[in-house]
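What follows is a single structure, written as structure tokens, with notes after it.
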Number of protein chains: 2
Amino acid sequence: MRKVERQRIIRQLLDEHDVEKQEDLVALLDHADIKVTQATISRDIKDMQLVKVPSPSGGYRYSLPAQQAMDTEKKLKRTLYDAYVSLDVQDYFIVLKALPGNGTAIATLIDQMNFDGAFGTIGGDDTVLIIAKSADDAQHLYQTLLDLLEQ
Amino acid sequence: MRKVERQRIIRQLLDEHDVEKQEDLVALLDHADIKVTQATISRDIKDMQLVKVPSPSGGYRYSLPAQQAMDTEKKLKRTLYDAYVSLDVQDYFIVLKALPGNGTAIATLIDQMNFDGAFGTIGGDDTVLIIAKSADDAQHLYQTLLDLLEQ
DNA sequence: GCTGAATAAAAATTCAAA
DNA sequence: TTTGAATTTTTATTCAGC
């Protein structure tokens, strides 16, 4: 009945108001004639993966999820979809070829993905070199990237 | 124990361990012979803008700031301030040494800075290798980084 | 300024119920 | 499965001291 809609409203409220604590949400929802207790808000926050962010100016603010990893993966997939040319593995190294101008961006995204077994990444104009911690890691990373390309 | 160093260690601990509550950090730091109380950790968390992220699998986890309000240069300066060890230039290359665990992050930040004359950056655990497009570019980049360190 | 001890405040969970 | 009331647990702050 209620939970999904309440959570949708919570998202809007977070956008429109400074929410410093869960009781603030209880009060804001009350204004919208939605009566819930702090316990329910606590559960919603867990459900929705909201975070309480300390603000530099002192105080705290609840905010929408930090899906950094998801966003990066999405960006990487899209960039690869647009610019991918080839992928090869040899020893500790993976070489990804892309359309000119895309190497640095892809390298940065791969870095941000923090792949297991990746030692470092270097991006040129149309080439990305990924150095793995071992040849095994390189093979595994190669497969991970192939999987990413197929999705 | 200085605050800055403790906070640097906290960053590393967050990377290496699942920290579900502030007392976990108190215990982890205690293990490293750093005695602080929960009150201090609470203040550190506010300082560092760490967030307690609800995990989909239930439970919570403290993590580094999701959407850092800081721009890349500020982040880079702060990271270098905390983790910088040395900087050297030779031919096309600049080698930056940092405290263990910081190489990849610094490399990514330097990449994101899009410095003129930088060809690519590779970050290991405690070393960052910056490859310039020419020896002149390397010299110039070296000076740019030194300037950044002095600010 | 930075910190710990004590405390207040806030958030998470338990339990019973719908 | 969802919820509120009560409770426990966790976190933030106050206050004193350094």
Side-chain angles (χ1 to χ4, degrees), chain A residues 1-66, chain B residues 1-69 77-78 81-83:
Chain A
M1 179 265 287
R2 288 260 250 335
K3 199 172 87 163
V4 171
E5 186 181 354
R6 183 183 60 239
Q7 295 193 351
R8 204 198 71 233
I9 293 172
I10 288 174
R11 247 172 261 128
Q12 295 175 348
L13 289 172
L14 288 178
D15 233 30
E16 295 159 9
H17 300 82
D18 272 11
V19 175
E20 298 192 327
K21 53 190 180 188
Q22 300 186 357
E23 292 290 356
D24 290 350
L25 274 179
V26 174
L28 287 166
L29 286 168
D30 182 78
H31 283 313
D33 272 322
I34 299 170
K35 315 291 186 191
V36 285
T37 61
Q38 175 267 325
T40 296
I41 298 300
S42 175
R43 294 181 191 110
D44 282 340
I45 282 168
K46 191 170 188 175
D47 265 15
M48 303 167 71
Q49 293 179 251
L50 303 181
V51 293
K52 187 186 184 183
V53 187
S55 82
S57 44
Y60 297 83
R61 192 149 313 157
Y62 274 98
S63 106
L64 295 165
Chain B
M1 179 61 55
R2 280 180 5 265
K3 194 172 86 164
V4 171
E5 186 179 356
R6 183 183 61 239
Q7 295 192 350
R8 202 197 72 231
I9 293 171
I10 287 174
R11 255 173 252 127
Q12 294 175 347
L13 289 172
L14 288 179
D15 231 33
E16 293 160 10
H17 299 82
D18 270 15
V19 176
E20 299 192 328
K21 52 190 182 189
Q22 300 184 0
E23 291 290 357
D24 290 350
L25 274 178
V26 174
L28 286 166
L29 286 168
D30 181 80
H31 211 258
D33 272 320
I34 299 170
K35 314 291 185 191
V36 286
T37 60
Q38 175 266 327
T40 295
I41 297 300
S42 175
R43 294 181 192 111
D44 282 341
I45 282 169
K46 190 169 187 175
D47 264 15
M48 303 166 71
Q49 294 179 251
L50 302 182
V51 293
K52 187 186 185 183
V53 187
S55 79
S57 46
Y60 297 84
R61 183 173 190 186
Y62 274 98
S63 108
L64 297 167
Q67 315 137 319
Q68 187 88 264
K77 272 190 204 166
R78 179 174 172 174
Y81 179 78
D82 291 341

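Below, read A as the first sequence line, B as the second, and so on, with proteins coming before strands; counting in each chain starts at 1.
For B:Asp47 and D:dT13, the CG to P distance is 12 Å, given to the nearest whole Å. As rounded to whole Å, 14 Å separates atom P of D:dT2 from atom CE of A:Met48. Summarising the geometry, the separation between NZ on A:Lys35 and P on D:dG4 is reported as 12 Å, rounded to the nearest angstrom. Straight-line distance from the CG atom of A:Leu29 to the P atom of D:dT2: 17 Å, rounded to whole Å.
In the helix from C:dG1-D:dC18 to C:dA18-D:dT1, the terminal helix axes, each the rotation mapping four pairs' C1' atoms onto the next four within five end pairs, subtend 30°, rounded to 10°.
Distances shown here put every side-chain N or O of B:Arg43 at or beyond 4.0 Å from the OP1 or OP2 atom of D:dT11. Under 4.0 angstrom from either OP1 or OP2 of D:dG4 there lies at least one side-chain N or O belonging to A:Thr40. Checking the phosphate oxygens (OP1, OP2) of C:dA11, no side-chain nitrogen or oxygen of A:Ser42 falls inside 4.0 Å.
The only member of B:Lys21, B:His17, B:Gln22, B:Glu20 that meets side-chain hydrogen bond (donor to acceptor under 3.5 Å, both in side chains) when paired with B:Tyr62 is B:Gln22.
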Heteroatom pairs (N/O) under 3.5 angstrom, protein to nucleotides 16-18 of chain C:
none

Quick test: give all pairs of protein nitrogen or oxygen and nucleotides 6-10 of chain C nitrogen or oxygen below 3.5 Å, distance rounded to 0.1 Å.
{"residue": "C:dA10", "atom": "OP1", "partner": "A:Lys21", "partner atom": "NZ", "Å": "2.8"}

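Annotation: salt bridge (Lys or Arg N to Asp or Glu O under 4.0 Å) contacts of B:Arg8 (sequence neighbours excluded): none. With sequence neighbours left out, the side chain to side chain donor-acceptor pair (under 3.5 Å) criterion links B:Tyr60 to no other residue.
Pairs passing the salt bridge (charged side-chain N to carboxylate O under 4.0 Å, His left out) check and including a residue from residues 38-51 of chain A, sequence neighbours excluded, read A:Lys3-A:Asp47, A:Arg6-A:Asp44.
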